[in-house]
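The structure appears right after this line, and notes come after that.
All heavy atoms count here, side chains included; hydrogens, waters and symmetry mates do not. Quick caveat, the model's predicted, so the values are computed rather than measured. Throughout, numbering of the chain's residues begins at 1 and tracks the sequence.
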Amino acid sequence: MTVALDLDGTLLDCRPRQVRLAARLVGAGFDADRFWAAKRHGATTRVALEAVGVPGARAQRIAREWAAAVEDDAWLAVDPLLPGARRALAALAAAARPVLVLTARRRTRAARDQVAHLVPGLPVEVVDPARAAAAKAAALRRCRARAFVGDTESDAAAAAAAGVAFLAVGGGQRDPTWLSEHGIAPVYAGVDDAVRALLGG
């Protein structure tokens, strides 16, 4: 049966893109580590901007600009694969487990092109971010997924709605403490650890 893998924060390290874009929009004095820590602990972009000292009205305006630009090709180009992504994919291939990359993005073609560039040959399903959990759940049911590996509460909700096992990774867009505090378990350090556990190794 198919193993579904989330993209941002599970296979790809989206921190460079998200942080560099925020830094460009905020300007001097931006605290990248504090911004990312706030986001990993559940904050929206606006709240994370406020956490680094951006006043409310400006934070709201920058958050809108950030959201409009974060999937631009130039920013997607800075996303690297996370450590362990290739090992996880190799392990799934060796076990003859079909893989589906399942992601919520506004720009379907850009997401597919990004996956094709970094990990060629993988099928990709892109769903509407406005209804990410429900749309991912529907995709999981369609592909008869055995499990879903992801890094957010939305991914966990999708797996629960689809009735499939969820394996969380704590190196992405939510930190392990936040995931555990919200009842999401088990939490693995990275996608390779999650896949190893799934395959019984």
Side-chain angles (χ1 to χ4, degrees), residues 5-85 101-119 124 126-133 135-136 149-158 168-179 182 184 187-191:
L5 304 173
D6 175 57
L7 184 59
D8 295 318
T10 301
L11 291 174
L12 298 183
D13 184 357
C14 53
R15 182 188 190 277
R17 167 168 44 110
Q18 295 194 26
V19 168
R20 290 179 197 175
L21 174 56
R24 177 172 292 185
L25 293 170
V26 172
F30 178 73
D31 187 333
D33 290 339
R34 190 173 177 189
F35 171 82
W36 189 240
K39 290 208 75 175
R40 289 203 352 112
H41 211 65
T44 64
T45 302
R46 179 185 61 78
V47 171
L49 289 166
E50 291 175 346
V52 299
V54 180
R58 184 169 182 244
Q60 186 173 20
R61 175 179 59 78
I62 289 175
R64 287 196 299 266
E65 294 174 1
W66 183 95
V70 74
E71 290 186 30
D72 287 355
D73 291 341
W75 290 110
L76 292 178
V78 308
D79 285 346
L81 286 176
L82 279 163
V101 177
L102 181 56
T103 186
R105 292 272 191 92
R106 290 183 293 106
R107 299 181 62 220
T108 298
R109 175 53 58 191
R112 289 179 175 160
D113 287 348
Q114 187 179 31
V115 173
H117 173 68
L118 290 169
V119 279
V124 182
V126 183
V127 304
D128 181 359
R131 50 185 300 271
K136 285 185 176 183
V149 183
D151 66 313
T152 67
E153 65 278 15
S154 176
D155 295 335
V169 296
Q173 297 192 91
R174 295 291 184 261
D175 67 41
T177 300
W178 191 93
L179 291 167
H182 287 77
I184 298 171
V187 180
Y188 298 92
V191 65

Can you measure from [atom1] ([X]) to [atom2] ([Y]) and round to the nearest 0.5 angstrom?
X    : Y    : atom1 : atom2 : result
L102 : L5   : CG    : CG    : 9.5 Å
C14  : W75  : SG    : CH2   : 13.5 Å
L76  : Q114 : CG    : CD    : 4.5 Å
I62  : L49  : CD1   : CG    : 6.0 Å
W66  : T45  : CH2   : OG1   : 3.5 Å
E50  : Q60  : CD    : CD    : 8.5 Å

Checking V19 against F30 for the side-chain contact (heavy atoms from CB on, under 4.5 Å) test, could you report, in this order, the C-alpha distance in whole Å, the side-chain angles of both residues, the deciding distance, and whether it holds? CA-CA 10 Å; V19 168; F30 178 73; 4.1 Å; yes
Determine whether V54 and V26 satisfy the following criterion, side-chain contact (heavy atoms from CB on, under 4.5 Å), listing intermediate values before the conclusion. CA-CA 8 Å; V54 180; V26 172; 4.1 Å; yes
If you take all heavy atoms of [X] and [Y], which pair is closest and at what distance?
X    : Y    : answer
A135 : V127 : CB-CB, 3.5 Å
A59  : R46  : CB-O, 3.9 Å
A156 : I184 : CB-CD1, 3.9 Å
A104 : A132 : CB-CB, 3.8 Å
G150 : D6   : CA-CB, 3.8 Å
L179 : V169 : CD1-O, 3.7 Å

Taking side chain to side chain contact (heavy atoms under 4.5 Å, CB included) as the definition, give me every residue that meets it alongside [X], ordered by chain and number, with sequence neighbours left out.
X    : result
A133 : S154, A157
R112 : T108, R109, V124, V126
L81  : L12, A85, R86, L118, V119

Do the side chain of [X] and the main chain of [Y] share a donor and acceptor less than 3.5 angstrom apart?
X    : Y    : answer
R105 : D128 : no
H182 : W178 : yes
D151 : Q173 : yes
R17  : E71  : no

For K39, check salt bridge (charged side-chain N to carboxylate O under 4.0 Å, His left out) against everything at least two apart and list the hits. none
Is it true that, when you exclude R61 itself, more than 12 heavy atoms of the residues, nucleotides or ligands shown sit nearer than 6.0 Å to its CZ? yes
By the salt bridge (Lys or Arg N to Asp or Glu O under 4.0 Å) test, which pairs, at least two apart or in different chains, include something from residues 24-38? R15-D33
Candidate pair D8 and Q18, rule side-chain contact (heavy atoms from CB on, under 4.5 Å), full reasoning: CA-CA 11 Å; D8 295 318; Q18 295 194 26; 5.7 Å; no
Audit row: V101, L11, side-chain contact (heavy atoms from CB on, under 4.5 Å) steps and yes/no: CA-CA 9 Å; V101 177; L11 291 174; 4.0 Å; yes
Going by the rule ring pair (Phe, Tyr, Trp, His ring centres under 6.0 Å), which residues pair with H117 if we only count those two or more places apart in sequence or in a different chain? none
Among D73, D72, D113, which residue satisfies the salt bridge (charged side-chain N to carboxylate O under 4.0 Å, His left out) criterion with R107? D73
